[in-house]
Amino acid sequence: MADPVLIIGAGVAGMTAAVELADSGVDVILVDRLSTIGGNALDLYKAFPTDDCFYCFEGNRDRPGIRKCFYRSAMIDQPNISLYVNSEVGEITPKNGLFQVKLDVGPVYVNPKKCTLCGLCLTHSKAFTFTSPQCQPQSVKYDPSKSDEGDKKAESECPTRAINLDAQPTEETITVSDIVLATGYHEMKPVNMDEYGYGKIPNVITQLELAQILDPNGPSRGKLVRPSDGASVESVLMVQCVGSRDENHYPFCSKICCVFAIKHANIIALERTSAKVSVVYMDIRTYDRHEKYYRDARDAGVEFVRGRVTRIESGDDGKLDIIVYDSLLDKYLKFNVDLFVLSSALEPPPGIHTLSKSLGLSLSSGYFTPADRASGNEVVIGKHIYACGGALGPAEVPESVTQARAVASKILQSRK
Ligand SMILES: Cc1cc2nc3c(=O)[nH]c(=O)nc-3n(C[C@H](O)[C@H](O)[C@H](O)COP(=O)(O)OP(=O)(O)OC[C@H]3O[C@@H](n4cnc5c(N)ncnc54)[C@H](O)[C@@H]3O)c2cc1C
Ligand code: SF4
Ligand code: SF4
């Protein structure tokens, strides 16, 4: 029997590659360092270009037992996928045309196959949480750093005996034929950019944090409120290219932040109609079909200002005074807003250098790069090594899914 394929990263790209391969009879080992799969998409509320729930992207798939939602049970029910969450890839050694890989597997405190989500443990201890109704595996999570006196009671009273507080990390060595890098990206936290006050001035947030506020499953249940005091938001200022196209941070354009900023501006302007939204930009890059979002936003009354933010101060009432230089009008404008939202650079995730080194790969702008770009094989990174989605650089979901399918098809072809 052929050796399994290792997929590192269980975001949209990794999950798609896993399901495509598994459905074709290939054994897959899918590893993610987080306790929940889904990657960034888990926190993003509506998705451009269709404004669907992120998990309904693949709603047309005819998979028995799955209504609209492609990923919800595919990861758990597909017998060819072995899922390792809370786990990291260690040393990788090429051996006889295969790869020997060490896996650091995190402790399994709550067995997802036994947890029925009855919620009893949540009433006993704050160390247990339920991330989101969309999370997979569908179970509560336990965080030992928040351990309190209710832990043991939760463990002993769990009706299905799903909790094991003595669980330990383990190490496994696996042999795989191919490696798929689906490690995605991170939204940069602009803590070192004093001009924006992030982390210092209240109510300065990133787009990813705004997505969580807008999400009906998020902390405010979808109500547009100020994080500092829960007051209703009446005005929002967004600023583009924070840390992107900037020689001091990331010289590249993060490609998708204009589109998702305008998506959020539209949600606010069209669904929360009392709030006013303005966007400060250098250039608006709504590539391809996404130009429609830009048109819709202008029609919905979103204000676009070409220029730069020059000063920000917080007032006593929790509002922010922000001075913007308008380069088209050649004058300074003053905004008084509840929320200041930064479209921050999308950067490679931590650990990507170690991973690339252990595979003998080079990186371009911090991301994996095709072995032979001229050949058009965008997803082939090395011999039996592939990459898809955000691992290749900032990418939208449809692009990530297409690349993941290309990876699956390359691997299947190589096995013929
Ligand atoms: C604010 C915002 C809004 C967006 N809105 C949209 C939208 O409306 N429509 C759209 O199409 N796209 C949108 N995107 C882009 C979308 O999030 C990405 O296209 C998508 O998440 C890419 O999926 P991925 O699987 O490549 O990467 P990710 O979602 O980043 O997943 C990567 C996974 O790999 C794991 N990982 C990383 N390194 C390791 C390692 N060494 N070991 C183990 N695990 C690892 C991570 O924990 C993560 O789970 C948005 C992005 C942002 C920031
Ligand atoms: S008590 Fe047990 S079954 Fe119920 S939610 Fe907690 S871990 Fe799951
Ligand atoms: S996509 Fe837009 S906001 Fe993002 S870096 Fe490029 S120009 Fe700036």
Side-chain angles (χ1 to χ4, degrees), residues 7-17 31-34 36-52 54 57 84-85 87-89 109-112 114-124 128 130 139-140 142 154-155 157-163 181-187 206-212 238-246 250 252-264 281-287 290 343-346 348-352 354-355 387-392 394-401 403-404:
I7 301 180
I8 307 172
V12 169
M15 291 194 295
T16 302
V31 177
D32 203 291
R33 56 160 60 120
L34 300 180
T36 293
I37 61 170
N40 280 291
L42 198 60
D43 292 317
L44 291 179
Y45 184 35
K46 287 183 177 180
F48 64 74
T50 57
D51 285 339
D52 276 327
F54 258 91
F57 250 103
Y84 290 80
V85 286
S87 303
E88 291 262 0
V89 168
Y109 295 112
V110 180
N111 184 340
K114 289 187 178 173
C115 174
T116 58
L117 289 178
C118 72
L120 187 66
C121 54
L122 306 179
T123 64
H124 288 314
F128 293 91
F130 182 49
S139 78
V140 297
Y142 173 73
E155 183 181 34
E157 291 191 5
C158 169
T160 58
R161 298 257 171 270
I163 303 171
L181 302 158
T183 43
Y185 65 87
H186 248 222
E187 187 194 53
T206 65
Q207 290 288 355
L208 198 53
E209 289 160 354
L210 175 62
Q212 284 153 19
M238 297 182 180
V239 62
Q240 301 305 101
C241 300
V242 172
S244 307
R245 306 172 70 199
D246 178 342
Y250 292 100
F252 55 81
C253 165
S254 292
K255 187 169 119 178
I256 54 174
C257 19
C258 277
V259 188
F260 62 64
I262 295 178
K263 172 186 74 172
H264 289 163
Y281 69 96
M282 289 203 286
D283 299 294
I284 290 289
R285 296 186 172 173
T286 43
Y287 59 98
H290 304 309
S343 294
S344 194
L346 303 182
I352 200 161
T354 317
L355 202 51
C388 49
L392 289 164
E396 56 173 37
V397 170
E399 194 180 0
S400 306
V401 167
Q403 291 168 347

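Counting starts at 1 for both ligands and their atoms, following the listed order.
At under 3.5 Å, not a single nitrogen or oxygen of Gln207, backbone or side chain, sits near a nitrogen or oxygen of ligand 1. Here's the thing with Leu208: none of its N/O atoms is less than 3.5 angstrom from an N/O atom of ligand 1. At under 3.5 Å, a nitrogen or oxygen of Ala395, whether backbone or side chain, sits near a nitrogen or oxygen of ligand 1. For ligand 1, the polar-atom distance check finds an N/O of Phe48 within less than 3.5 Å of one of the ligand's N/O atoms. For ligand 1, the polar-atom distance check finds no N/O of Ile8 at less than 3.5 Å from any of the ligand's N/O atoms. Where the criterion is an N or O separation shorter than 3.5 Å, residue side chain and backbone included, Glu187 fails it with respect to ligand 1. For ligand 1, the polar-atom distance check finds no N/O of Ser87 at less than 3.5 Å from any of the ligand's N/O atoms. In terms of polar-atom proximity, Val397 is counted as a contact of ligand 1, with an N or O under 3.5 Å from an N or O of the ligand. Checking only distances, Val12 does come within under 3.5 Å of ligand 1, N or O to N or O. The shortest N or O to N or O distance between Asp32 and ligand 1 is under 3.5 Å.
Every atom of ligand 2 with a heavy atom of Ile163 under 4.0 Å away is listed here by number and element: 7 (S). Listed by atom number, the atoms of ligand 2 under 4.0 Å from Thr116 heavy atoms are 3 (S), 8 (Fe).
Residue contacts to atom 4 (Fe) of ligand 2: Cys121 brings no N, O or S atom closer than 2.8 Å. In summary, Cys158 places an N/O/S atom under 2.8 Å from atom 2 (Fe) of ligand 2, meeting the contact criterion.
Between His186 and ligand 1 there is no heavy-atom distance shorter than 4.0 Å. Heavy atoms of Gly119 approach ligand 2 to within less than 4.0 angstrom.
Rounded to the nearest 0.5 Å, atoms NE2 (His290) and CD1 (Ile262) are 11.0 Å apart.
Within 4.0 Å of ligand 3, protein heavy atoms belong to Gln240, Cys241, Ser244, Arg245, Cys253, Ser254, Lys255, Cys257, Cys258, Asp283, Arg285, listed by chain and number.
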